[in-house]
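For ligands, and for the atoms within them, numbers begin at 1 and follow the listed sequence. Computed from a predicted structure; not experimentally measured. Reckoned from all heavy atoms, side chains included, excluding hydrogens, waters and symmetry mates.
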Amino acid sequence: MKVLVINSGSSSIKYQLLDMQTEAVLVSGLVERIGEAKGELTNKAFPGTDRQVVTKIEQPIPDHNTGMRLAIELITDPEKGVIKDRGEIDAVGHRVVHGGEEFHQPTIITAEVIRAIEATVPLAPLHNPANLDGIRVAVELFPGVPQVAVFDTAFHQTIPAHAYMYALPYALYATDRVRRYGFHGTSHKFVAGECAKLLGKPLDKCNLITVHLGNGCSMTAVEQGKSVDTSLGLTPLEGLVMGTRSGDVDPAVHAFLARNKGMGIEEIDTMLNKESGLKGLCGMNDMRDIHAAIAKGDVRAGLALDVQTYRNRKYIGAYMAVLGRVDAIVFTAGIGENDDIVRRESLKGLECLGVKIDAEANGQRAKEPLKISAADSTVAVWVIPTNEELAIARETKSVLN
Ligand code: AMP
């Protein structure tokens, strides 16, 4: 079975074609700057193998349809392609950011499902319309091929009301569904599943804290395999300190800025999402740049690292209290997988709760899962690379089976 995975953004499409017999990636690609004067497509056939062929195309790509057609031409190219024709694609899996309360699991896309995803647009105005563009294009390009929506929010639909409700007037929930939804669910679920395998236990017997630290950051408390709390909320802004997003702030900051600085809602929203987080604190949002700046004595870069890792530690402690017993803490995504300093600082002082890391193991670079806890740590600590495309392809396959 061959599954095409599509992650459609407002001006980009990421795609991968996977052979699900072996879970090998046949093609991975990125269409960028859709709708701009100069668009770009990078297509890698057999990525990461000695058969890798990279093709770059630069030309105007006015819309998602054109971008996806170009990608399909390359995938089926008689010389550089990996399949003969698009009929070899058995299913398409789509990343959809927000599934509201409607979607608890990956779902085969029908006209009714598209309408339900459209109904969640007010909850994710930046993401869901772009995801829907990808779905419409794929439905047109692959008529009759099953299409599956895999929601970032679905894994978190098991969170109980006491953890998903905000203490706001109840009517806001009843009428507008204002509540915590959580995001990065595909990643949290994937690394939780991989961790259970490494622990040699069924997932439904595992209590885990999964820590996704990339440009976006979130943490999930997983009890007996199910998400019971997560740090991102109604939108992907709450919780941890992210690349450009603030994470938790006093909600009264809106009123303060409006009254004292005359700022409007859009301006405040942009500030909290695009100009805050690590970038807001020190002007840089890439952790590699921040470490380089700290080495040169940049005090604010040091502050940004401290604010982020302190927040991580606070949430880990809170989720240990939520779970009671924790089998493992799992770090994943760009920072979580690569940054031993962030991992060390985020776990600092948690020895009293049974968390001890092995400094040497933590310092290793690994593409594979890596155990970084000390032999006498009661809680295991793992670094497990996330793979959202593979997770979407697996979910797509399992729904269709
Ligand atoms: P992601 O969103 O998972 O792709 O993660 C992207 C972020 O990971 C970047 O903005 C960097 O801050 C961080 N990152 C990537 N590689 C490294 C590395 N080798 N060391 C530290 N941070 C890294």
Side-chain angles (χ1 to χ4, degrees), residues 5 7-10 12-16 25 28-30 32 42 44 47-48 95 97 126-127 130 152 182-192 194 210-220 230-232 236-237 239-247 273-296 298 300-309 311-312 330-347 357 361-370 372 382-392:
V5 174
N7 181 353
S8 174
S10 55
S12 69
I13 308 170
K14 276 193 217 155
Y15 59 88
Q16 272 195 10
V25 180
S28 81
L30 174 63
E32 290 174 280
T42 311
K44 290 183 188 164
R95 177 184 184 214
V97 167
L126 297 179
H127 293 100
D152 276 18
F183 299 87
H184 296 149
T186 308
S187 173
H188 287 290
K189 185 178 176 187
F190 178 81
V191 296
E194 294 299 299
T210 51
V211 187
H212 178 112
L213 302 176
N215 208 10
C217 301
S218 65
M219 199 177 297
T220 297
T230 196
S231 60
L232 291 169
L237 182 60
L240 308 180
V241 175
M242 307 177 226
T244 63
R245 290 176 248 166
S246 63
N273 277 288
K274 302 229 157 94
E275 291 149 22
S276 299
L278 298 171
K279 187 178 175 201
L281 286 165
C282 72
M284 290 166 275
N285 61 325
D286 191 306
M287 208 31 109
R288 289 161 291 196
D289 297 337
I290 293 176
H291 287 303
I294 292 172
K296 287 189 195 136
D298 185 328
R300 280 215 274 138
L303 176 67
L305 177 73
D306 289 348
V307 174
Q308 190 191 53
T309 55
R311 182 83 50 87
N312 292 344
V330 182
F331 285 92
T332 194
I335 299 175
E337 289 165 28
N338 294 299
D339 198 320
D340 53 310
I341 298 171
V342 168
R343 293 194 298 255
R344 184 191 72 206
E345 293 302 302
S346 301
L347 297 174
I357 54 170
N362 186 40
Q364 281 175 29
R365 290 259 167 276
K367 284 248 169 273
E368 299 295 318
L370 174 70
I372 60 165
W382 281 88
V383 178
I384 302 181
T386 193
N387 189 336
E388 287 173 271
E389 288 77 16
L390 175 59
I392 292 171

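Under the ring pair (Phe, Tyr, Trp, His ring centres under 6.0 Å) criterion, Phe183 pairs with His98, not counting sequence neighbours. Judged as a side-chain contact (heavy atoms from CB on, under 4.5 Å), and not counting sequence neighbours, the contacts of Glu32 are Leu30, Glu40. Residues passing the side-chain contact (heavy atoms from CB on, under 4.5 Å) test with Met287, sequence neighbours excluded: Leu278, Ile290, His291, Leu305, Gln308, Ile335, Asp339, Val342.
Looking at Leu370 and Arg365, their side chains never come closer than 4.5 Å, going by heavy atoms from C-beta outward.
Pocket lining of ligand 1, defined as residues with a non-hydrogen atom under 4.0 Å away: Gly214, Asn215, Asn285, Asp286, Met287, Arg288, Ala333, Gly334, Ile335, Asn338, Asp339.
Checking each of Val211, Thr210, Asn387, Val383 against Val191 for a side chain to side chain contact (heavy atoms under 4.5 Å, CB included) leaves exactly one that passes, namely Thr210.
In this structure, His212 and His184 have parallel ring planes: the angle between them is below the 30° cut-off, well short of the 60° mark.
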